[in-house]
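First the structure, in the form of structure tokens, and then the observations on it.
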Amino acid sequence: MTGNSDKIFVEVAFNLPLPSPFTYSVPVGLKDRALPGMRALAPFGARRITGFIVAVKYQCDSGFEVKPLEDLPDNIPALSESMLDLTRWLADYYQCAWGEAIAAAIPAGLDEAGEDIFSLTETGMEAFQSSASSDSDRALLEVLRERPGSSRKQLQRRLGANFNARALNKFKSREWIRAQSKITRKSVDYHNEKFVRALPGPSPEATETALKRSPRQLGLHRLLSQREYSLTELKQIDPGYAAPLRQLKDKELAVTETRKVRKASPWDFLDESPRKETPPKLTPEQETACKPLLAAIDKGAFQSFLIQGVTGSGKTEIYLRCIQRALEDGKTAIMMVPEISLTPQTAERFRLRFGNRIAILHSGLSRQEKFDEWNKIQTGQVSIALGARSSVFAPLTNIGVIVIDEEHDGSYKQDSTPRYHARDVALMRAKNQGAVVILGTATPSLESHKNAVTGKYQRLVLTQRVNNRPMPWIQIVDMRQEKEERRNYSIFSIALKNAIRDRLDNGEQTFLFLNRRGAANYVFCKECGYVFDCSRCSVSMTFHSEDNKMRCHYCNGFARIPRSCPDCKGEIIKFQGFGTQKLEAETRRLFPGARVFRLDRDTAKNASVFETMRDKLNAQEIDILIGTQMIAKGHDFPNVTLVGVTLADLSLNVPDFRSCERTFQLVTQVAGRAGRGDIPGKVIVQTNSPDHFVFPCIQNQDFDAYAEKELDLRKKLRYPPFVRTVSLEIEDANEQRGAETARRLRNLLKGALTSFSDVDLLGPAPAVLYKISMKYRWRLLIRAATSQTLQRFLRYAQEQRDLKKAVQSGSKLSIDVDPINLL
DNA sequence: AGCACGCCGACT
DNA sequence: GTCGGCGTGCTC
Ligand SMILES: [Zn+2]
Ligand SMILES: [Zn+2]
């Protein structure tokens with residue numbers, strides 16, 4: 001109990017899943033810098049960790065010991081007051097700790113200082129050499145001898161199961177090892193590259209004679225005499241360089257040297273000073289859309305807009321004009337694009353307009369570089385931040401406009417804690433700071449569509465493509481007819497086959513799409529195309545061979561598989577699915593001469609596969625590209641004039657209430673990219689259920705018609721945007737224990753429901769992706785009419801009903817507010 | 001989360 | 001008697 005008026009205390013939030021901040025006293029020497037938003041190094045149990053000051057106070061009455069802060073490493077706060085407010089709201093809304101929200105809002109690494117590093121002392125070295133200790137102890141000492149300055153984490157990684165925390169403490173107290181706190185962490189990303197250069201030899205003449213009979217060595221030596229080459233470069237000049245190079249090295253006419261270099265990156269152009277372009281003239285439609293936007297930016301009050309514009313209607317030019325206007329008004333701007341669209345080409349477009357006034361927060365940056373960009377924004381050296389999801393936290397002041405391109409894109413939702421949606425965070429930030437939010441897309445999420453309809457957002461529509469580019473032509477192919485009337489049992493309809501042949505003949509390119517993610521084994525009628533769905537939840541039922549039943553992944557309902565279709569008495573088929581590999585094999589068989597490239601989760605493990613694919617596609621070295629939907633985004637490939645959606649049903653029958661919305665988005669997005677100049681693209685969509693209401697809407701590219709029907713269904717079935725949802729995800733390596741946790745959670749929540757009307761539960765049920773990396777998963781969906789009710793319910797369940805107690809040790813519960821991914 | 005502590009069975 | 005595996009509870 002302290003009440004001295006000259007003593008000050010701070011509340012510190014840590015990046016740990018702990019519900020509330022911790023109180024520390026501030027030593028006299030740190031007093032003048034103890035400000036909200038400041039990073040703070042603090043003792044915490046047995047360790048010292050970095051947290052963030054979230055409040056300063058002048059007294060502290062507590063039942064616990066209050067420890068003093070150890071250090072304040074920075075001179076200025078890492079977070080402004082408004083960012084503190086925003087992160088607090090975020091933590092509250094998305095059910096995470098304040099410190100976790102803060103950590104998400106600043107560059108990685110800033111919360112990592114404070115770990116200890118260990119080295120052997122003299123006595124420790126002697127003890128190690130006298131070998132008077134057990135094997136596992138020796139292993140620890142040996143690592144420390146080999147790598148003095150290892151952190152605890154590094155020791156754990158090196159020793160694996162042999163790591164023993166007790167031994168570490170034992171040695172520390174015996175003074176065999178010494179602990180020091182690590183000062184700063186610098187991590188610029190380097191990679192090793194081998195370089196070759198020529199050695200002159202005794203004389204040029206002697207070299208010439210020595211190599212007279214080996215022209216390849218001579219050629220290589222001459223090349224290397226001009227300048228040094230990296231092995232990567234050499235390989236491009238001459239793939240068979242290895243043998244002659246080895247011989248040159250043997251004759252001491254060349255040497256290689258390994259050096260650390262910064263990896264050449266497709267982003268390197270950003271270092272050059274940008275050219276400036278003159279803005280194009282706006283189309284009348286763009287002009288009309290710009291007017292209210294520019295007026296709102298000038299006004300400087302919170303307002304949101306939804307630009308619903310067909311692909312190619314020139315939304316980006318509108319964004320550019322709006323950002324330009326914000327700068328002219330002396331304000332700043334955030335430009336967000338989906339992760340996959342944040343390519344050098346996208347960046348170039350903004351750099352051409354805004355030069356060095358823009359910071360680009362892309363994933364190719366090293367930690368240090370990311371921090372540098374962030375710093376440039378914070379210190380006002382730039383006025384625009386361009387980036388993916390996390391750029392919503394760009395530390396700009398005086399924000400005029402926040403643009404979110406492709407608003408419907410799922411990558412705006414973070415899928416680990418804190419599970420925030422950048423669009424919704426942007427809206428909150430703009431509301432607090434009096435900024436304008438512009439959401440743009442050809443296919444709004446139904447949440448945004450509803451907000452536009454109710455007037456929460458002002459809607460602006462663009463129906464024309466710039467330069468009068470024709471709209472793509474979309475054909476829906478009935479695969480049942482293919483089978484019955486044409487005896488064609490192939491993956492390819494005759495229409496698609498012919499269209500591909502046609503492209504091959506013309507030297508044009510084809511995309512073939514196949515959705516796999518979450519594509520389950522659904523059950524359908526061969527005759528009428530009816531797909532069995534849950535009578536309660538309306539999501540597709542999934543076939544399980546173990547018990548030959550269908551299951552609903554939302555409510556856990558089971559049903560027998562009927563012998564015949566309830567509608568038409570037709571034959572029932574359990575769809576077993578096929579993957580991109582089978583599609584690739586089939587494509588190669590049908591088009592033997594074609595150059596086929598497959599890109600999916602297996603082959604695209606790293607970004608370089610993407611780049612290879614893009615380069616090859618642009619160099620016309622691919623005729624047919626096979627992949628999942630990710631290849632559609634971010635790039636225009638002007639020579640791709642045909643897109644085949646191999647089986648739309650796979651996407652349509654994903655057991656998720658948004659599967660139809662996603663299918664509409666997918667086809668629309670790919671259609672928008674097909675074709676070039678005045679040649680319209682063609683999209684062929686194959687399906688067994690052509691009578692589904694989405695297909696006419698797809699064919700006519702009529703989003704509003706689709707949305708109207710979809711909204712009707714969502715309203716009837718109590719799904720977003722008419723209700724708010726929270727998903728509880730249960731994860732456990734032990735199947736029984738996980739199932740028990742899920743059961744207990746349900747019982748607890750059912751009990752809690754009695755004090756709430758308007759809230760209901762779906763499930764728990766095994767997740768669609770039941771087993772991910774050795775863990776079993778369950779899902780429980782909570783629905784409520786409003787987000788306020790849902791928040792109150794969650795708080796009640798946690799505080800009054802002890803939600804966490806239902807989670808058995810070993811099980812993991814994560815709470816996903818406004819979930820997007822329900823697989 | 002990550003760390004220490006305590007309990008317990010296994011093995012010098 | 002000590003080592004190390006695992007479950008439990010705390011961190012200002
Ligand atoms: Zn039928
Ligand atoms: Zn159901």
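For the numbers below, each heavy atom of this structure counts, side chains included, while hydrogens, waters and symmetry mates do not. Since we're looking at a predicted model, the values are computed, not measured. Residue numbering restarts at 1 for every chain, and letters A, B, ... go by the order of the sequence lines.
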>> Rounding to an integer number of Å, can you tell me how far A:Gln154 CD sits from B:dG2 P?
In response: 15 Å

> Rounded to the Å, how far apart are A:Lys170 NZ and B:dA4 P?
Replying inline: 14 Å

> For the pair made of CZ in A:Phe14 and P in B:dA1, what is the distance, rounded to whole Å?
Replying inline: 16 Å

>> The criterion is ring pair (Phe, Tyr, Trp, His ring centres under 6.0 Å); which residues satisfy it with A:Phe44, sequence neighbours excluded?
In response: A:Phe14, A:Phe22

>> So that I can tick it off, tell me whether A:Arg658 and A:Glu447 are bridged by a salt bridge, with the cut-off set at under 4.0 angstrom between side-chain N and carboxylate O.
In response: yes

>> Does the protein touch nucleotides 5-11 of chain C at the base, only the backbone, or not at all? Give it as B, S and - per nucleotide, heavy atoms under 4.0 Å.
In response: BB-S--B

> Side chain of A:Pro17: nearest nucleotide among C:dC12, B:dA1, B:dA4?
Replying inline: B:dA1

>> For residues 88-109 of chain A, which residue pairs pass the salt bridge (Lys or Arg N to Asp or Glu O under 4.0 Å) check, not counting sequence neighbours?
In response: A:Asp92-A:Arg795

>> Taking salt bridge (Lys or Arg N to Asp or Glu O under 4.0 Å) as the cut-off, I'd like each qualifying pair that reaches into residues 814-823 of chain A, sequence neighbours left out, listed once.
In response: A:Lys413-A:Asp816, A:Arg419-A:Asp816, A:Arg724-A:Asp818

> Separation of A:Asp61 atom CG from C:dC12 atom C1', in whole Å?
Replying inline: 13 Å

>> Is A:Arg152 close enough to B:dA4 that one of its side-chain N or O atoms is under 4.0 Å from OP1 or OP2 there?
In response: yes

> Between atom CD in A:Gln156 and atom P in B:dG2, what is the gap in whole Å?
Replying inline: 8 Å

> How long is the line joining CZ of A:Phe52 and C1' of C:dC12, in whole Å?
Replying inline: 17 Å

> For A:Arg178, what residues pass the salt bridge (Lys or Arg N to Asp or Glu O under 4.0 Å) criterion, not counting sequence neighbours?
Replying inline: none

>> Can you measure A:Glu70 atom CD to C:dC12 atom P for me and round it to whole angstrom units?
In response: 12 Å

> What is the distance from CD1 of A:Ile49 to C1' of B:dA1, rounded to the nearest Å?
Replying inline: 9 Å

> If you look only at pairs with a residue in residues 787-823 of chain A, which of them pass as a ring pair (Phe, Tyr, Trp, His ring centres under 6.0 Å), with sequence neighbours excluded?
Replying inline: A:Phe756-A:Phe793, A:Phe756-A:Tyr796

